[in-house]
Protein chains: 2
Amino acid sequence: MQQPEDLKKAGLKLTLPRLKILNLFENSSERHLSAEEVYKQLLSTGEDVGLATVYRVLTQFEQAGLLVRQHFDNGKSVFELNKGEHHDHIVCLQCGHVEEFYDPEIEARQERNTSERGFAIQEHVLHIYANCVKENCPNKT
Amino acid sequence: MQQPEDLKKAGLKLTLPRLKILNLFENSSERHLSAEEVYKQLLSTGEDVGLATVYRVLTQFEQAGLLVRQHFDNGKSVFELNKGEHHDHIVCLQCGHVEEFYDPEIEARQERNTSERGFAIQEHVLHIYANCVKENCPNKT
DNA sequence: AATACAAATGAGAATGATTATCATTTGTTA
DNA sequence: TAACAAATGATAATCATTCTCATTTGTATT
């Protein structure tokens, strides 16, 4: 675990809440977590962290580039560890399961379409809403 | 104006608020309007419509296929007249100006990437956040 | 045109996610 | 170890949106 270095590099003090939250993302089986989920996970393991702190830390980690935030259409945000490589998301409409994909041709065409219109692209969101095939998905496809 | 027919076709009563809102979308110079903007526009023209009604009607129109809702990352939704043809959006980060584009190759690749993973695609959101070149945009590019 | 009734409306309360406030606690640095 | 800014937790506040419910309005019927 080189978490402490990550935090120092980002100019953030080494505090318990921050270490716990970062640790959660690095060890959880679920790659995509909402603020509420992070909060509940911490509570369930006996940690005493306030919800406000969870939101604050998540936002700081996003700004520091440690996490990436995804806004979904249901109005909720989830966070994921920044792997450094961009990717888009497929979200199951039934169970919320999230899968990632990357298509260089789509990326290139986004860039082209945007610059053709005189815009300077800053970032983009490509979310595909679909029905997945997971065992426990309430949608029996 | 064949608005009344549109409403009847959708199984909606012809009420003043509904006609006014639909009319607004068909005559406004701004194609993309938020609920708040619709509400303010109506107030400014002396119409007496409640904000709750605006939200209700907007949702009904969306379900009836008259309008399309776009959720942006800032947590706000805008609505636009349904032209029947799908398109994606470029949003200016400074002034909020919205532009539309369509790239069949991007569409095709979304479909391919999704089905390859065993998902049945239902819909998607492709929003590009950029800096625009409008005269009145606070961003002097 | 008057009646009847469900559907629609408006005002304001309620909600849910997120952010701000502020007194108290905790890292860090001298 | 003192000293002080930064961080935290509890809670209030905010913002967009939805819900509640008493009142009003289309519409279909006499």
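Given the structure is predicted, the values throughout are model-derived calculations rather than measurements. Letters A, B, ... are given to chains in the order of the sequence lines, protein chains preceding strands, and every chain is numbered from 1.
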Between [atom2] on [N] and [atom1] on [X], what's the gap in Å once rounded to a whole number?
X: B:Arg69; N: D:dA16; atom1: CZ; atom2: P; answer: 14 Å
X: B:Glu47; N: D:dT25; atom1: CD; atom2: C1'; answer: 16 Å
X: A:Gln63; N: C:dT19; atom1: CD; atom2: C1'; answer: 13 Å
X: B:Gln60; N: D:dG26; atom1: CD; atom2: C1'; answer: 14 Å
X: A:Leu7; N: D:dT8; atom1: CG; atom2: P; answer: 10 Å
X: B:Gln70; N: D:dT17; atom1: CD; atom2: P; answer: 14 Å
X: A:Leu42; N: D:dT8; atom1: CG; atom2: P; answer: 12 Å
X: B:Phe79; N: D:dA16; atom1: CZ; atom2: P; answer: 14 Å

**Asked** Atom CD in B:Glu37, atom CG in B:Leu24: separation rounded to 0.5 Å?
**Response**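 Here the interatomic distance stands at 10.0 Å.
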
**Prompt:** Hey, which of A:Glu111, A:Glu107, A:Glu105 is the one that makes salt bridge (charged side-chain N to carboxylate O under 4.0 Å, His left out) with A:Arg109?
**Reply:**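 It is A:Glu105, the one option of A:Glu111, A:Glu107, A:Glu105 that forms the salt bridge (charged side-chain N to carboxylate O under 4.0 Å, His left out) with A:Arg109.
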
**Request:** Start with the C-alpha distance between B:Glu47 and B:Gln41, add both sets of side-chain angles, then the distance that settles side-chain contact (heavy atoms from CB on, under 4.5 Å), and finish with yes or no.
**Result:** CA-CA 9 Å; B:Glu47 309 293 356; B:Gln41 289 252 357; over 6 Å; no

**Prompt:** Under 6.0 Å between ring centres, would you say that holds for B:His127 and B:Phe72?
**Reply:**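 Yes, the ring centres sit under 6.0 Å apart.
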
**Asked** Using a distance-only test with no angle check, is there a side-chain donor-acceptor pair under 3.5 angstrom linking B:His89 and B:Glu80?
**Response**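 Judged by distance alone, the side chains do pair up.
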
**Asked** Are B:Glu116 and B:Arg112 ion-paired here, with the side-chain N under 4.0 Å from a carboxylate O?
**Response**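 Salt bridge flag = no for B:Arg112 with B:Glu116.
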
**Message:** Between A:Arg31 and A:Glu100 (salt bridge meaning N to carboxylate O under 4.0 Å), is one present in this structure?
**Reply:**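 Result for this pair is yes, salt bridge flagged.
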
**Message:** As a quick check of understanding, evaluate ring-ring contact (aromatic ring centres under 6.0 Å, His included) for A:His71 and B:His71, giving each step before the final call.
**Reply:** CA-CA 9 Å; A:His71 264 290; B:His71 260 106; 9.5 Å; no

**Request:** Go through C:dA8, C:dG27, C:dG10 for me and flag the one nearest to the B:Arg18 side chain.
**Result:**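 Closest nucleotide to the B:Arg18 side chain: C:dA8.
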
Measure all distances between protein nitrogen or oxygen atoms and nitrogen or oxygen atoms of nucleotides 27-30 of chain D, and list the pairs falling under 3.5 Å.
from	atom 1	to	atom 2	distance (Å)
D:dT27	OP1	B:Leu14	N	3.2

List, with names and distances, any nitrogen or oxygen atoms from the protein found under 3.5 Å away from nitrogen or oxygen atoms belonging to nucleotides 11-17 of chain C.
none

**Asked** Out of B:Glu36, B:His32, B:Glu30, which one pairs with B:Val78 under the side chain to side chain contact (heavy atoms under 4.5 Å, CB included) rule?
**Response**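 By the side chain to side chain contact (heavy atoms under 4.5 Å, CB included) criterion, B:Val78 pairs with just one of B:Glu36, B:His32, B:Glu30: B:His32.
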
